[in-house]
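Comments concern the structure below.
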Amino acid sequence: MAQSDLYMLYHGLYLAKFGYTTESLKYFESFQVQDDDTFIITYPKSGTTWMQEILSLILSEGDLTPVLTLQNFEKIPWLEAKENDQLVAKLSSPRAFISHMPYQLMPSTFFSSKAKVIYLARNPKDVVVSLFYFHQTISFLPDPGTFEEFTDGFLEGNVMFGKWTDHVKSWRNADLGDRILYITYEEMLQDLRGVIKRILRFLNRQLSEEALKQLIEQSQFKAMKQNKMSDSLPVSQKIMDNTKPPFLRKGIAGDWKNHFSPELEAKFNAVINEEMEGTDIKFLLDKEHQ
Ligand code: A3P
C-alpha cells in the first residue's frame with residue numbers, strides 16, 4: 001500500500017492511520033494531566049516496551065501480577081493511540097502513560113502541571129535498524145525497501161513521528177527542570193540496576209532489595225521474550241507477521257554495525273551531527289556507547 005494510504009499527517013509528522021485517529025489525537029490534546037502523572041517519552045524503537053515493563057514493576061512495588069496478566073498497552077497505555085481512552089479512564093493515581101510526541105505537541109495541561117517525564121533515547125543507528133525490521137513485520141507500516149533507502153527516509157523524517165533529531169532536541173530543550181529524567185537505552189544495557197535506582201530516586205519511590213532483584217530479572221530481554229504479555233502488540237497475525245522479525249528482536253546495542261556500509265555510516269553521522277550541533281547530546285553517537 002502507498003505511504004499516503006497508511007499514514008496521516010499530524011502537525012507535519014507521519015502517524016500510522018492504524019494506530020491513531022482524529023478522535024484519539026483530540027483526546028490527547030485535551031487530556032487533563034495531573035501533578036502525580038508520569039510519562040515515558042520515547043522516539044519509536046528506543047526501548048519503550050522495556051521501560052514500560054520496568055515502570056509497571058516499580059508502580060506495583062515488585063508485584064509481578066500486572067506484567068504477567070496485562071498486555072503492554074494495558075499496563076501503561078499510549079496516551080495518543082486510538083481507543084485508549086477507556087483504558088486511561090480505568091487508571092487510578094498515580095497514573096503512568098507512554099507518548100511518542102515531541103515536547104511542543106504535549107497536551108496544554110502538561111505544561112502547567114508537575115507531571116514527571118522519563119525520556120528514553122537510543123543510538124539513532126540502532127533505532128533505524130530496529131525500525132527497519134519493524135516495518136517488515138507490521139503490515140500497517142509501508143514496505144521499508146532496502147536498508148539504504150529506508151535510512152535515507154529516516155534522515156529526512158519520512159517515518160512515523162518524524163526526525164529523530166527533532167524529537168530528541170525538543171525534549172532536551174524542554175524547560176522542565178527536575179521534572180525530567182534522561183536515560184539512554186545503552187545505559188540500561190550497561191547498568192540496569194543503576195538506572196532503576198535513578199528512576200526510584202526521581203519518582204521518590206523505594207523498593208526492597210528482593211523486589212529490585214525480581215524487577216531486574218523480570219525485565220531482562222530473555223524473560224520479557226518468554227512473557228507473551230510483554231513480547232506482543234494488540235494486533236492480529238494479519239497485522240503482525242509471526243514469520244518476520246519478532247517484536248522483541250535482538251535487544252542489543254551496536255547491531256547497526258551489521259547493517260551500515262562505511263559510506264552510509266559517514267553520511268548518517270554527518271547529517272545527525274550537523275542537526276545536533278550546539279546540543280550536548282552527541283554522546284549517543286560516541287564509540288563507548290556503541
Ligand atoms: P531491537 O529491534 O534492536 O531488538 P520499542 O519498545 O520502543 O519499540 O523498542 C523496541 C526495541 O527495544 C527492540 O530493539 C527490542 O528488542 C528492544 N527491547 C525491548 N525489551 C528489551 C529488553 N528487556 N532488553 C533489551 N532490549 C529490549
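Ligands are counted one by one from 1 in listed order, and the atoms in each one are counted from 1 as well. We're numbering straight along the sequence, starting at 1.
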**Request:** For the pair Glu265 and Lys257, find out whether any cationic side-chain nitrogen is under 4.0 Å from an anionic carboxylate oxygen.
**Result:** no

**Asked** Which residue holds the protein heavy atom closest to atom 23 (N) of ligand 1, what is that atom called, and what is the gap in Å?
**Response** Ser219 O, 2.9 Å

**Prompt:** Nearest to atom 7 (O) of ligand 1, what protein heavy atom do you find, and at what distance?
**Reply:** Thr48 OG1, 2.4 Å

**N or O pair under 3.5 Å between Tyr43 and ligand 1** = no

**Message:** If the test is side chain to side chain contact (heavy atoms under 4.5 Å, CB included), which one of Ile76, Ile98, Leu120, Ile41 qualifies with Met51?
**Reply:** Leu120

**Request:** Would you mind checking which non-hydrogen protein atom is closest to atom 13 (C) of ligand 1, with the distance to 0.1 Å?
**Result:** Ser130 OG, 3.8 Å

**Side chain, backbone, both or neither: the part of Ser46 lying under 4.0 Å from ligand 1 by heavy atom** = backbone

**Heavy-atom gap Asp255 to ligand 1 smaller than 4.0 Å** = no

**Message:** If you measure every N or O of Phe247 against every N or O of ligand 1, does any of those distances drop under 3.5 Å?
**Reply:** no

**Asked** Do Phe154 and Phe150 have ring centres separated by under 6.0 Å?
**Response** no

**Item:** Derivation and outcome, ring-ring contact (aromatic ring centres under 6.0 Å, His included), residues Tyr10 and Tyr20
**Value:** CA-CA 10 Å; Tyr10 179 69; Tyr20 308 90; 8.7 Å; no

**Shortest protein heavy-atom distance from atom 22 (C) of ligand 1, along with the residue and atom involved** = Trp50 CD2, 3.4 Å

**Item:** Which atom of His100 lies closest to which atom of Glu80, heavy atoms considered
**Value:** N-OE2, 2.8 Å

**Asked** Side chain or backbone of Tyr185 under 4.0 Å from ligand 1, or both, or neither, by non-hydrogen atoms?
**Response** side chain

**Message:** Using a 4.0 Å heavy-atom cut-off, which part of Gln220 comes near ligand 1: side chain, backbone, both, or neither?
**Reply:** backbone

**Atoms of ligand 1, numbered as shown, that sit under 4.0 Å from any heavy atom of Thr49** = 5 (P), 6 (O)

**Request:** Taking only Lys NZ, Arg NE, NH1 and NH2, and the carboxylate oxygens of Asp or Glu, determine whether Glu209 and Arg193 approach each other closer than 4.0 Å.
**Result:** yes

**Numbered atoms of ligand 1 (with element) below 4.0 Å of Leu248, judged on heavy atoms** = 16 (O), 19 (C), 20 (N)

**Complete:** If you compare Gln218, Lys250, Arg249, Arg122 by their heavy atoms, the one closest to atom 14 (O) of ligand 1 turns out to be Arg122

**Message:** Side chain or backbone, does Met224 bring an N or O within less than 3.5 Å of an N or O on ligand 1?
**Reply:** no

**Prompt:** Should the heavy atoms of other residues, nucleotides or ligands under 6.0 Å from CG of Asn258 be counted, would the total exceed 12?
**Reply:** yes

**Prompt:** How close does the nearest protein non-hydrogen atom get to atom 9 (O) of ligand 1, and which residue and atom is it?
**Reply:** Gly47 N, 3.2 Å

**Prompt:** Under a 4.0 Å heavy-atom limit, does Lys45 contact ligand 1 with its side chain, its backbone, both, or neither?
**Reply:** both

**Main-chain N/O of Asn123 paired with Glu186 side-chain donor or acceptor, under 3.5 Å** = yes

**Asked** Only one of Leu176, Ile183, Val168 forms a side chain to side chain contact (heavy atoms under 4.5 Å, CB included) with Tyr119, so which one is it?
**Response** Val168

**Message:** Taking the ring centre of each residue, are Tyr182 and Trp171 less than 6.0 Å apart?
**Reply:** no

